[in-house]
Amino acid sequence: MRQSEYFIPTLKELASETQIPSHQMLLRAGMVRQIGAGIFSFLPLGYKVVKKIMEILREEIDGIGGQEFLLPALNPIEIWEQTNRVEAMGDVMFHIKNRDGLVLAPTHEEIITVHARQHVKSYRDMPQIWYQIQTKFRNEPRPKSGILRGRQFIMKDSYSLDSSFEALDISYDKHFEAYKRIFDRCGLEYFIVGASSGAMGGRQSQEFMVESDAGEDVCAVCDCGYAANTEVATSDVGTVGRAFEGEAMEEFATPNAKTINDLKEQFELPEDRLAKSVVYMIDSKPVLILMRGNDELNEAKLESVFGTNNLRPADTDELPEITGANAGSIGPVNLKTKIQIVADNRLLDAGGMVSGANKDGFHFKNIDFKRDCKIDAYHDLRSVVPGEKCSKCGEPLRVVKAIELGHIFKLGTKYSEALGATFLNSEGKENPIVMGSYGIGVERVLACFIEHNYDDNGIVWNKALSPYHVHLIGLNIQKFENLKEGCEKIYNELSALGFEVLYDDRNESPGVKFNDADLLGLPLQLVVGKKSFENGNVELKNRATGERDIVPVEELVAKVQEYFAD
RNA sequence: CGGGGUGUGGCGCAGUCCGGUAGCGUACCUGGUUUGGGACCAGGUGGUCGGAGGUUCAAAUCCUCUCGCCCCGACCA
């Protein structure tokens, strides 16, 4: 491709509002432009990389037996009502205003299930892996971070159809391995975490994450290989155990103690002896939640325990009606109304605890959870804190921000049951199809790669994702006919051998060309300039290392072939 | 949805507090000189200052409403 004819609007300056490196690089390198909040156009160079990513996705999903579909973004709302996801999606789903009954699909389990219902009627028809690479629409409340969170984005989504849960395990494992190959080929440093399946439903899910400050997920990771989204992460913190065995529960005045820290300071109490109470409205019913000391309640874990995302902290004016006290004096004993009480595992069968007396300004001490109150259930409800011991190996955990690149789910039969997608098994018995779903955000692959591969001068592509293989840079070719001829010859030779060559034949000064070349970041730059070319040489620069080789023209092709050999 | 910020030639910004000829850099056009790390000189094109309404002799500037965008939070497959 001749750069003089190619639309690559590189930028010297950026609006100060662009924050994250991948966004800045994509704009500066003329790869994307923004149209609205969370809405982007890919320009030719950016789309070239997108296509490279999509090609890798196709090869690997085809490789596990995937068959590529192209499903409609416009969906009848009925099928979403049948799976109860119109409500579950809420505002995230775009609704069409001037045509009743249509929505823009934020994902495609429903459509896939409809096709399965139509045609997959026997266990002999399975397994199937169906996939597509297609645009998703999600009305994100707050798009952000450039292309990382958009209202419209490209997703590779695949779906497996199986006749049993054992067979689903196989389809799931195939995707797990394919995903590893995909991200390896893209040159991404990622880790895999167990995750909450959230509104998708289902039994098991794992996320493929890339560590990045631009990320929105938080994960606990350990050098031993343990990694989990904090939605489900656990650590080895033990239980607070029992103290003051046999001593009677006793009320005491705590007029100025509203928080755990107040209690710690004013009464010199260790955190292990303090139980914090939080009241949540879960499916509109109040539930008292007990946490040890300042341990943070993790709402994702709470959602998963109660199997609903319809929960919120109780309002301050609801608290006295429910408990008899205001925030700061609430506890599990003497509650004004009888409500469900759940406690974090760390408080299991705890004794000698201090907690609110449900009377403003008073607490109880020596509360025995076995003797003085009824804890309905113990669950892991707390958020992991950095430095806590890994529950696998005991080493300190790190807690890092990460970008979710891909997510794989064992859906089970949620969708097939809701939509009546059944098959006959070998005994002639009707069963719901067992499904899995597997997604990769294409823009996120792009952004994650750049987040980890750039420097002050621009992007540093690898061979797999680089929009072109080599950047041929002709200096002053308008002035020196022999340089131009040399460039044309190299351009034609390399192109004929199948290399994708970006040829900078523009009438620009050398400085402009060098800067643009570093900004675009193709792995190999071939510089044809007067000095070296008159001695029969071309300069070959490695973008990643900055190394420069002076290579005789006749050896150039071999050198390039060698570089791209593996 | 709550909080903060912002909107001025294609792009990046100043000017707004304190009303009075719309400015700088860059890009672009013409001519000339230059050419290994974002060249120089000279001349030139281009903006109803996000939109609507109001105050005023006079509004980018003051007031009211409104829209867009960015950041933090809430939310999030």
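Every value quoted in this text rests on a predicted model; they were computed, and no experiment measured them. Letters go in sequence order (proteins before strands), and every chain restarts at 1. Basis for what follows: all heavy atoms, side chains included, without hydrogens, waters or symmetry-related copies.
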Kindly give the atom pairs (protein nitrogen or oxygen, nucleotide nitrogen or oxygen) under 3.5 Å for nucleotides 41-44 of chain B.
none

Please give the nucleotide sitting opposite [N] as a Watson-Crick or G-U wobble pair, both distances under 3.5 Å, or none.
{"N": "C75(B)", "value": "none"}
{"N": "U64(B)", "value": "A52(B)"}
{"N": "G19(B)", "value": "none"}
{"N": "A59(B)", "value": "none"}
{"N": "G37(B)", "value": "none"}
{"N": "C11(B)", "value": "G25(B)"}

Whole-angstrom distance between [N] and [M], as gauged at atom [atom1]:
{"N": "A60(B)", "M": "U56(B)", "atom1": "C1'", "result": "16 Å"}
{"N": "G50(B)", "M": "U34(B)", "atom1": "P", "result": "45 Å"}
{"N": "C17(B)", "M": "U33(B)", "atom1": "P", "result": "49 Å"}
{"N": "U16(B)", "M": "C62(B)", "atom1": "P", "result": "9 Å"}
{"N": "U21(B)", "M": "A59(B)", "atom1": "C1'", "result": "14 Å"}
{"N": "C71(B)", "M": "A39(B)", "atom1": "P", "result": "32 Å"}
{"N": "U55(B)", "M": "C67(B)", "atom1": "P", "result": "23 Å"}
{"N": "G19(B)", "M": "U61(B)", "atom1": "C1'", "result": "6 Å"}

Going by side chain to side chain donor-acceptor pair (under 3.5 Å), name the residues that satisfy it together with [X], two or more places apart in sequence or in a different chain.
{"X": "S532(A)", "value": "none"}
{"X": "N476(A)", "value": "none"}
{"X": "E318(A)", "value": "R312(A)"}
{"X": "D505(A)", "value": "S4(A)"}

Can you tell me how far [atom2] of [N] sits from [atom1] of [X], to the nearest Å?
{"X": "E207(A)", "N": "C76(B)", "atom1": "CD", "atom2": "P", "value": "14 Å"}
{"X": "Q34(A)", "N": "C69(B)", "atom1": "CD", "atom2": "C1'", "value": "7 Å"}
{"X": "N229(A)", "N": "C76(B)", "atom1": "CG", "atom2": "C1'", "value": "12 Å"}
{"X": "R151(A)", "N": "C70(B)", "atom1": "CZ", "atom2": "P", "value": "8 Å"}
{"X": "R506(A)", "N": "A39(B)", "atom1": "CZ", "atom2": "P", "value": "12 Å"}
{"X": "I20(A)", "N": "C70(B)", "atom1": "CD1", "atom2": "C1'", "value": "13 Å"}
{"X": "F7(A)", "N": "A27(B)", "atom1": "CZ", "atom2": "P", "value": "17 Å"}

Should the pair [X]-[Y] be classified as a salt bridge under the 4.0 Å nitrogen-to-oxygen rule?
{"X": "K541(A)", "Y": "D518(A)", "value": "yes"}
{"X": "K484(A)", "Y": "E481(A)", "value": "no"}
{"X": "R85(A)", "Y": "E109(A)", "value": "yes"}
{"X": "R506(A)", "Y": "D504(A)", "value": "yes"}

Legend entry - Residue-phosphate contact under 4.0 Å: K12(A) side-chain N/O, A27(B) OP1/OP2: yes
Legend entry - Distance-only side-chain donor-acceptor flag, S160(A) / H175(A), under 3.5 Å: no
N/O donor-acceptor pairs under 3.5 Å from side chains in residues 143-151 of chain A, not counting sequence neighbours:
residue : atom : partner : partner atom : Å
R149(A) : NE   : E216(A) : OE1          : 3.1
R149(A) : NE   : E216(A) : OE2          : 2.8
R149(A) : NH1  : E140(A) : OE1          : 2.7
R149(A) : NH1  : E140(A) : OE2          : 2.9
R149(A) : NH2  : E216(A) : OE2          : 3.4
R151(A) : NE   : N139(A) : OD1          : 3.4
R151(A) : NE   : E140(A) : O            : 3.1
R151(A) : NH2  : E140(A) : O            : 3.0

Inset, instruction - Identify whether any heavy atom of P9(A) sits under 4.0 Å from a base atom; if not, whether one sits that close to sugar-phosphate; answer base, sugar-phosphate or nothing. - result: nothing
Legend entry - Residues within residues 38-47 of chain A bordering RNA chain B, heavy-atom distance below 4.0 Å: none
Inset, instruction - Determine, using ring centers only, whether W461(A) and F449(A) are less than 6.0 Å apart. - result: yes
At a cut-off of 3.5 Å, list every protein nitrogen or oxygen paired with a nitrogen or oxygen from nucleotides 35-37 of chain B, distance to 0.1 Å.
residue : atom : partner : partner atom : Å
U35(B)  : O2'  : N476(A) : OD1          : 2.8
U35(B)  : O2'  : N476(A) : ND2          : 2.1
U35(B)  : O2   : N476(A) : OD1          : 2.9
G36(B)  : O6   : S532(A) : OG           : 3.1
G36(B)  : N1   : E539(A) : OE1          : 3.1
G36(B)  : N2   : E539(A) : OE1          : 2.6
G36(B)  : N2   : E539(A) : OE2          : 2.8
G37(B)  : O6   : R548(A) : NH1          : 3.4
G37(B)  : O6   : R548(A) : NH2          : 2.6
G37(B)  : N1   : D518(A) : OD2          : 3.1
G37(B)  : N2   : F514(A) : O            : 3.4
G37(B)  : N2   : N515(A) : OD1          : 3.4
G37(B)  : N2   : D518(A) : OD2          : 2.6

Legend entry - Evaluation steps, side-chain contact (heavy atoms from CB on, under 4.5 Å), between F40(A) and Q152(A): CA-CA 8 Å; F40(A) 288 85; Q152(A) 166 178 346; over 6 Å; no
Anything under 3.5 Å between a donor and an acceptor, one on a side chain of residues 14-30 of chain A, the other on a protein residue two or more places apart or in another chain? List them.
residue : atom : partner : partner atom : Å
T18(A)  : OG1  : A15(A)  : O            : 3.0
S22(A)  : OG   : E451(A) : OE2          : 2.7
Q24(A)  : NE2  : T18(A)  : O            : 3.0

Legend entry - Neighbour count above 12 (heavy atom, 6.0 Å) for K530(A) NZ: no
Inset, instruction - Tell whether R142(A) reaches the base of C71(B) with its side chain through a donor-acceptor pair below 3.5 angstrom. - result: no
Legend entry - Residue pairs passing the ring-ring contact (aromatic ring centres under 6.0 Å, His included) test where at least one lies in residues 503-525 of chain A, sequence neighbours excluded: Y491(A)-Y503(A)
Legend entry - Closest-nucleotide ordering on RNA chain B, the 5'-leading residue of E299(A) and T10(A): T10(A)
Inset, instruction - Between S145(A) and R149(A), just flag the one whose closest nucleotide in RNA chain B comes earlier from the 5' side. - result: S145(A)
Legend entry - Letter per nucleotide, 5' to 3', of nucleotides 5-16 of chain B [B base touched, S only sugar-phosphate touched, - untouched; heavy atoms, 4.0 Å]: ------BSS---
Inset, instruction - For A227(A), check side chain to side chain contact (heavy atoms under 4.5 Å, CB included) against everything at least two apart and list the hits. - result: F191(A), V193(A), V221(A)
